[in-house]
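Here the structure comes first, spelled out in structure tokens, and everything after it is commentary.
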Amino acid sequence: LAEADELARAGRHGDAAAQLDSAYRAAVQGLARLRDGETVTIALKLDTPADEYAYEQKRFHSHDLLVDVALAERGLTGTMRNAVEQRRQDARQLRDRAAESAARGDHKSAIVQLEDATRGLVRALQAAGVTGLY
């Protein structure tokens, strides 16, 4: 993790992400060995639809930041960059509609809209050549 921090501070975000991925995989493998034969279930429990909406906002924001990183790291130009930017713009419009729904107190609709918006960012990242996201 310290190496990933150093890489990120040096502006090498792609290398930092790869280092974090490596650390994550090592942790998962270690846990798998410790928990061999056991079933572990992880569930996200949020108390209210407003809390879930706030969580989805953070998720959207993190994916939006990843689009910035992908565009910077991959050096996309022309048609490919335009495709990524268009998908991002579409996703941001969905996010804005979700905010309008939330402002009206309709958090359930806002959550669905924001989840759709985040999926749009995933499609933008895939168009940029980033895989393995959900």
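Hydrogens, waters and symmetry mates are skipped; everything else that's a heavy atom, side chains included, is used.
Asp21 is linked by a salt bridge (Lys or Arg N to Asp or Glu O under 4.0 Å) to Arg25, counting only residues two or more places apart in sequence or in another chain. In this structure Leu65 satisfies the side chain to side chain contact (heavy atoms under 4.5 Å, CB included) test together with His61, Asp68, sequence neighbours excluded. Applying the side chain to side chain contact (heavy atoms under 4.5 Å, CB included) criterion to Glu3, with sequence neighbours excluded, gives Gln19. For Lys45, the salt bridge (Lys or Arg N to Asp or Glu O under 4.0 Å) partners are Asp47, not counting sequence neighbours. Looking at residues two or more places apart in sequence or on another chain, you find no side chain to side chain contact (heavy atoms under 4.5 Å, CB included) involving Ala17. Listed by chain and residue number, Ala50, Asp51 satisfy the side chain to side chain contact (heavy atoms under 4.5 Å, CB included) test with Thr48 (two or more places apart in sequence, or in another chain).
Cluster partners of Leu20, by chain and number: Leu1. The rule joins Ile, Leu, Val, Met, Phe, Trp and Tyr whenever side-chain heavy atoms lie under 4.5 Å apart. Under a 4.5 Å side-chain heavy-atom criterion applied to ILVMFWY residues, the cluster that includes Val69 comprises that residue alone.
Applying the ring-ring contact (aromatic ring centres under 6.0 Å, His included) test to residues at least two apart or on different chains, none of the pairs has a partner in residues 64-102. Among pairs with a residue in residues 102-132, those fulfilling ring-ring contact (aromatic ring centres under 6.0 Å, His included) read Tyr53-His107, at least two apart in sequence or across chains. Residue pairs meeting the ring-ring contact (aromatic ring centres under 6.0 Å, His included) criterion with at least one member in residues 1-35: none, sequence neighbours excluded.
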For residues 89-100, please give each side-chain donor-acceptor pair under 3.5 Å, one per line with the distance, not counting sequence neighbours.
| unit_1 | atom_1 | unit_2 | atom_2 | d |
| --- | --- | --- | --- | --- |
| Asp90 | OD1 | Gln86 | NE2 | 2.8 |
| Arg92 | NH2 | Asp64 | OD1 | 3.3 |
| Arg92 | NH2 | Asp64 | OD2 | 2.9 |

